[in-house]
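Report on the following structure.
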Amino acid sequence: HEFKCKCGCELNLTQPELIDLLEFIRADLGHHPLHILSGTRCSAHNANAGGSPGSRHMQGLAADVYSHFSSAQDIARSAEKYLKGQGGISPKITACHVDVDLSRSYRRNIQ
């Protein structure tokens with residue numbers, strides 16, 4: 001249910017590759033819960049959230065996640081172990097955007 005679009009339309013396109021990444025991160029960080037701030041987004045919700053027109057959230061390939069036990073930087077470093085230079089990682093102050101679109105690669109603010 002955490003992956004459903006937050007606008008109420010209940011769209012959920014979450015791809016297995018994203019679940020695999022998040023399970024890896026969770027295990028890597030001590031099996032503590034990861035919380036999904038934003039998973040799948042319909043196009044209207046993506047626009048309202050300020051997402052890019054090609055946001056991977058709309059394809060079920062991205063999530064913004066946080067943990068009460070790990071920082072966004074910790075999540076980003078763990079995601080990098082799994083993605084090994086592919087996909088996207090962008091930690092913010094309290095959450096980290098991760099995506100498993102292996103056709104592109106970007107890193108923002110990883111320390």
Donor-acceptor pair, side chain of [X] and main chain of [Y], under 3.5 angstrom:
| X | Y | value |
| --- | --- | --- |
| Glu2 | Ile36 | yes |
| Asn46 | Pro53 | no |
| Ser67 | Pro33 | yes |

What are the two closest non-hydrogen atoms of [X] and [Y], and how far apart are they?
| X | Y | result |
| --- | --- | --- |
| Ala72 | Ile93 | CB-O, 4.3 Å |
| Pro91 | Ala76 | CG-CB, 3.8 Å |
| Thr14 | Ile19 | CG2-CD1, 3.7 Å |
| Met58 | Ser52 | CE-O, 4.3 Å |
| Cys42 | Leu11 | CA-CD2, 3.9 Å |
| Gly54 | Gln59 | O-NE2, 4.2 Å |

Less than 6.0 Å separating the ring centroids of His68 and His35?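 Close enough - the centres of the two rings lie under 6.0 Å apart.
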Transitive ILVMFWY side-chain link [X] to [Y], under 4.5 Å:
| X | Y | answer |
| --- | --- | --- |
| Ile25 | Leu102 | yes |
| Leu21 | Leu29 | yes |
| Leu34 | Phe3 | yes |

Who clusters with Tyr66? Use side-chain heavy atoms, under 4.5 angstrom, across I, L, V, M, F, W and Y, and order the result by chain and number.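 For the cluster that includes Tyr66, the remaining residues are Leu37.
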Kindly indicate, with the supporting measurements, whether the criterion side chain to side chain contact (heavy atoms under 4.5 Å, CB included) is fulfilled by Arg26 and His32. CA-CA 6 Å; Arg26 194 174 71 81; His32 297 293; 5.9 Å; no
Answer yes when Arg77 and Asp28 have at least one side-chain N-carboxylate O distance shorter than 4.0 Å, and no when they do not.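 No.
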Quick one: pull up [atom1] in [X] and [atom2] in [Y] and give me the separation to the nearest 0.5 Å.
| X | Y | atom1 | atom2 | answer |
| --- | --- | --- | --- | --- |
| Glu10 | Thr40 | CD | OG1 | 12.0 Å |
| Lys4 | Cys9 | NZ | SG | 10.0 Å |
| Ser78 | Leu22 | OG | CG | 10.0 Å |

When you check the side-chain N and O atoms of Lys92 and Ser90, is any donor under 3.5 Å from an acceptor?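 On atom types as modelled, these side chains qualify, holding a pair under 3.5 Å.
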Candidates Asp101, Asp99, Asp64 - the one meeting salt bridge (Lys or Arg N to Asp or Glu O under 4.0 Å) with Arg56: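 The residue from Asp101, Asp99, Asp64 that satisfies salt bridge (Lys or Arg N to Asp or Glu O under 4.0 Å) with Arg56 turns out to be Asp101.
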Leu61 vs Leu18, side chain to side chain contact (heavy atoms under 4.5 Å, CB included): CA-CA, chis, key distance, verdict: CA-CA 6 Å; Leu61 294 171; Leu18 180 60; over 6 Å; no
Go through it in stages, so that I can follow the logic: the residues are His45 and His57, the test is ring pair (Phe, Tyr, Trp, His ring centres under 6.0 Å), and I'd like the CA-CA distance, side-chain angles, deciding distance and then a yes or no. CA-CA 10 Å; His45 180 66; His57 286 275; 9.0 Å; no
What residues, two or more places apart in sequence or in another chain, satisfy ring-ring contact (aromatic ring centres under 6.0 Å, His included) together with Phe24?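 Checked Phe24 against ring-ring contact (aromatic ring centres under 6.0 Å, His included); matches are Tyr82.
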